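Fair warning: this is a prediction, and the values are worked out from it, not measured in the lab.
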Amino acid sequence: MKVLLLADVKSHGKKGEIIEVNEGYARNFLIKKGFAQAATAGTINEVNQKRAAEERRIAAEQANARAIAEELKGKTFKVGARCGEGKMYGSITSQNIADALAAAGYDVDKKKIVLDAAIRELGIFEVEVKLYSGISQKIKIEVIKA
């Protein structure tokens, strides 16, 4: 009997998969406990449509991330910092960099900006921006006096 899994079932499959199991096991355990439902033509079609929609959404997100990475390539962004006599007060955080990117028209979350160490001096630094899984771009940050 074919069933659609509604939850992960150890040694059988993950949620959303359609598997073939014995009819007794399906009726007496999987369906009764709410782990699965009978796989009719309608449910199979619905699962295939959801899977296709998810694949299209992921492809669109990847294309958008690649386009942003291409636009960011080789760009330098200026970040102002309060400074005293040869010393900078505080440090530049990923939030400051995200604000500079937003001012330039790029909507990048601060969690996607990777800083190796805190930026505590004036100058030009290279920072990596992870836009999507496997898609990242290095940008330059110029820290100037505010």
Side-chain angles (χ1 to χ4, degrees), residues 1-82 88-144 146:
M1 174 178 199
K2 286 190 176 196
V3 294
L4 168 65
L5 294 178
L6 302 175
D8 291 351
V9 178
K10 189 174 182 180
S11 75
H12 285 290
K14 297 198 178 284
K15 179 180 178 180
E17 290 182 0
I18 296 174
I19 61 170
E20 181 79 33
V21 293
N22 291 333
E23 190 170 342
Y25 181 65
R27 292 194 190 286
N28 297 327
F29 181 73
L30 293 176
I31 295 173
K32 189 174 183 181
K33 297 280 186 181
F35 294 140
Q37 72 181 35
T40 62
T43 57
I44 292 172
N45 189 27
E46 184 179 329
V47 167
N48 290 337
Q49 286 178 348
K50 284 183 182 178
R51 188 174 294 138
E54 181 69 16
E55 288 172 0
R56 282 193 304 273
R57 184 189 63 79
I58 289 172
E61 286 178 0
Q62 286 178 341
N64 185 30
R66 283 191 186 97
I68 292 173
E70 194 60 37
E71 288 178 29
L72 290 175
K73 191 173 188 177
K75 288 197 175 182
T76 302
F77 299 93
K78 294 183 184 209
V79 177
R82 292 182 30 211
M88 194 168 103
Y89 301 130
S91 64
I92 300 298
T93 63
S94 58
Q95 181 63 53
N96 299 117
I97 297 170
D99 292 340
L101 288 169
Y106 299 103
D107 185 29
V108 177
D109 188 24
K110 71 177 185 175
K111 295 173 189 166
K112 295 181 178 184
I113 298 170
V114 179
L115 292 174
D116 294 331
I119 300 173
R120 298 182 185 268
E121 52 192 50
L122 301 176
I124 298 176
F125 300 91
E126 199 167 83
V127 175
E128 184 177 10
V129 179
K130 291 189 177 187
L131 298 166
Y132 198 81
S133 178
I135 301 171
S136 64
Q137 183 64 48
K138 291 195 183 270
I139 60 171
K140 291 186 180 176
I141 301 297
E142 183 178 355
V143 181
I144 57 173

Just to verify, what does [X] make a salt bridge (Lys or Arg N to Asp or Glu O under 4.0 Å) with, not counting sequence neighbours?
X: E23; result: R27
X: E128; result: none
X: K75; result: none

- For G42, does its backbone N or O pair with a side-chain atom of N45 as donor and acceptor, under 3.5 Å? no
| said: Quick test of your reading of the model: are E46 and K50 salt-bridged, counting only N-O distances below 4.0 Å? | reply: yes
Scanning both residues in full, the closest heavy-atom pair of I135 with Q62 reads CD1-O, 3.8 Å
What one should report as the nearest heavy-atom pair of T76 and E142 is CG2-CB, 4.0 Å
Using 0.5 Å steps for rounding, measure from the [atom1] atom of [X] to the [atom2] atom of [Y].
X: E17; Y: D8; atom1: CD; atom2: CG; result: 8.5 Å
X: I92; Y: I97; atom1: CD1; atom2: CD1; result: 7.5 Å
X: D107; Y: L101; atom1: CG; atom2: CG; result: 9.5 Å
X: M88; Y: R82; atom1: CE; atom2: CZ; result: 11.0 Å
X: L131; Y: D109; atom1: CG; atom2: CG; result: 11.0 Å
X: I19; Y: K14; atom1: CD1; atom2: NZ; result: 12.5 Å

Margin query: Heavy-atom count check: over 12 atoms from other residues, nucleotides or ligands less than 6.0 Å from R57 CZ?
Written below: yes
Side chains of residues 111-121: which donor-acceptor pairs under 3.5 Å do they make with residues two or more places apart or in other chains?
none

For F125, the ring-ring contact (aromatic ring centres under 6.0 Å, His included) test, sequence neighbours excluded, returns none
Those residues at least two apart in sequence (or on a different chain) that pass ring-ring contact (aromatic ring centres under 6.0 Å, His included) with Y132 are none
ask   = Parallel, tilted or perpendicular: which fits the ring planes of Y106 and F77, with parallel below 30° and perpendicular above 60°?
value = perpendicular
side-chain contact (heavy atoms from CB on, under 4.5 Å) evaluation trace for K78 with V143: CA-CA 6 Å; K78 294 183 184 209; V143 181; over 6 Å; no
